[in-house]
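Encoded as structure tokens, the structure appears first; notes follow it.
Read the numbers this way: they start at 1 and go in the same order the structure lists the ligands and their atoms.
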Amino acid sequence: MLQRLQHLLGIEDLTREQISFILDQAKPFQEFHRHPLKKLATLRGKTVALAFFENSTRTRISFATAAARLGADTMNLQAESSSLKKGESLLDTVWTLEAMRPDGIVIRHSSSGAPEFIAQRLGIPVVNAGDGTHEHPTQALLDALTVRDRKNTLDGLHVTILGDILHSRVARSNIHLLSKFGAHITLCGPAMWVPRELESLAPNVRRVSHIDEALDGADVIIVLRVQTERMHEPALAPEEYILQFQLTPERLRLAGKDALVLHPGPMIRGLEIDPSVADGPQSCVLDQVTNGLAIRMALLYHLVGGAASEPASGPGMAGKDK
Ligand code: NCD
């Protein structure tokens with residue numbers, strides 16, 4: 001029997017069946033977005049807390065829109081305005097939010113493991129919207145939905161991931177997800193961002209230093225945003241990155257015309273990707289955004305609309321952990 005999800009903290013611990021279940025659950029919501037009236041009453045009376053301790057545009061708007069279209073209300077906490085700036089601890093902030101009785105919480109945080117830490121202490125479903133360099137599970141799910149729609153399967157794909165794999169939670173979640181479906185994964189980028197340890201993330205993961213070799217035979221190419229602030233450790237000039245790793249139309253030809261190009265956004269056009277590739281027929285970037293809504297609606301429907309969970313803990317319970 002399919003094990004019911006209580007939280008969505010990462011892809012690593014999910015089964016192939018649980019992943020397929022979520023992708024299947026997203027199907028009717030994809031249809032729903034084609035309708036002129038985009039509002040359901042499924043989660044009417046429920047409240048979803050959006051706790052974004054790290055800046056975010058598309059992911060936060062996507063979760064907020066998904067909740068609204070299901071009829072739920074949202075409580076918003078944003079990095080710039082949060083009392084974290086005043087020195088409040090993560091736990092005190094989320095206990096404060098929990099005291100306003102939301103039915104689920106979506107959290108983005110710069111520390112890997114923050115959503116799990118919260119999930120162990122709150123009695124409501126927790127959804128990870130990106131934690132440090134650890135995981136970004138909804139991004140991998142929406143990527144998988146996008147690929148499955150275009151390729152009609154997720155099985156045994158040749159997937160190439162380009163860029164700063166080491167610091168990318170998107171890459172990590174995608175590697176876990178696609179590997180569960182037998183993917184052959186090729187990682188390519190500057191050597192400092194593609195260390196050997198990454199090969200042990202899943203079976204059939206290899207590192208390739210030359211982009212031409214990495215693209216040859218790829219079914220799916222995931223281009224990661226270059227985090228320019230990381231180009232100083234050690235120094236890597238943007239011109240050098242462009243020369244060696246930018247996905248250009250010429251390079252895309254090596255992968256073939258059926259290869260899909262994905263990018264989680266925000267894209268830096270002209271750095272990691274040539275604009276004509278970003279806007280070309282093989283690009284899936286806008287489908288990814290639309291599918292993000294369907295995935296997040298399916299998850300909120302499943303987690304927040306589902307059965308009641310454990311009773312809440314609170315500051316008074318903290319002593320019991322010690
Ligand atoms: C990604 C993230 O924040 O991890 N963006 C996103 O959620 N779509 C990727 C990135 O910022 O590079």
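- Between atom 9 (C) of ligand 1 and the options A171, G265, G292, S62, the minimum heavy-atom separation is to G265.
- Relative to the ring axis of F52, R108 does not place its NZ or CZ within 45° and under 6.0 Å from the centre.
- Short contacts between ligand 1 and P266, defined as distances under 4.0 Å to a heavy atom of the residue, involve ligand atoms 11 (O).
- Inspection of the S110 and E54 side chains reveals no N or O donor paired with an N or O acceptor under 3.5 Å.
- Less than 4.0 angstrom separates some heavy atom of T59 from each of these atoms of ligand 1: 6 (C), 7 (O), 8 (N).
- Taking 4.0 Å as the cut-off between side-chain N and carboxylate O, R44 and D73 do not count as a salt-bridged pair.
- Defined by atom type and a distance below 3.5 Å, a donor-acceptor pair is present between the side-chain atoms of S89 and D92.
- Evaluated by nearest non-hydrogen atom to atom 4 (O) of ligand 1, the leading choice among R169, R60, Q288 is R169.
- The ligand atoms of ligand 1 that sit less than 4.0 angstrom from a heavy atom of H136 are 2 (C), 4 (O), 6 (C), 7 (O).
- Heavy-atom proximity to Q139, at under 4.0 Å, picks out these atoms of ligand 1: 8 (N).
- With contacts defined as side-chain heavy-atom distances shorter than 4.5 Å, the pair R69/L40 does not qualify.
- Ring orientation note: the planes of H302 and F21 are nearly perpendicular, at an angle over 60° on the 30°/60° scale.
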Exercise for review: Give the intermediate values and the outcome of side-chain hydrogen bond (donor to acceptor under 3.5 Å, both in side chains) for residues T186 and R206.
Suggested key: CA-CA 5 Å; T186 301; R206 63 169 189 153; 2.9 Å; yes
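- With a 4.0 Å heavy-atom cut-off, ligand 1 is reached by no atom of E135.
- Ligand 1 places these atoms under 4.0 Å from at least one heavy atom of P264: 8 (N).
- Neither the backbone nor the side chain of Q227 has a heavy atom within less than 4.0 Å of ligand 1.
- Taking each of R225, R58, E272, M267 in turn, the one with a heavy atom nearest to atom 12 (O) of ligand 1 proves to be R225.
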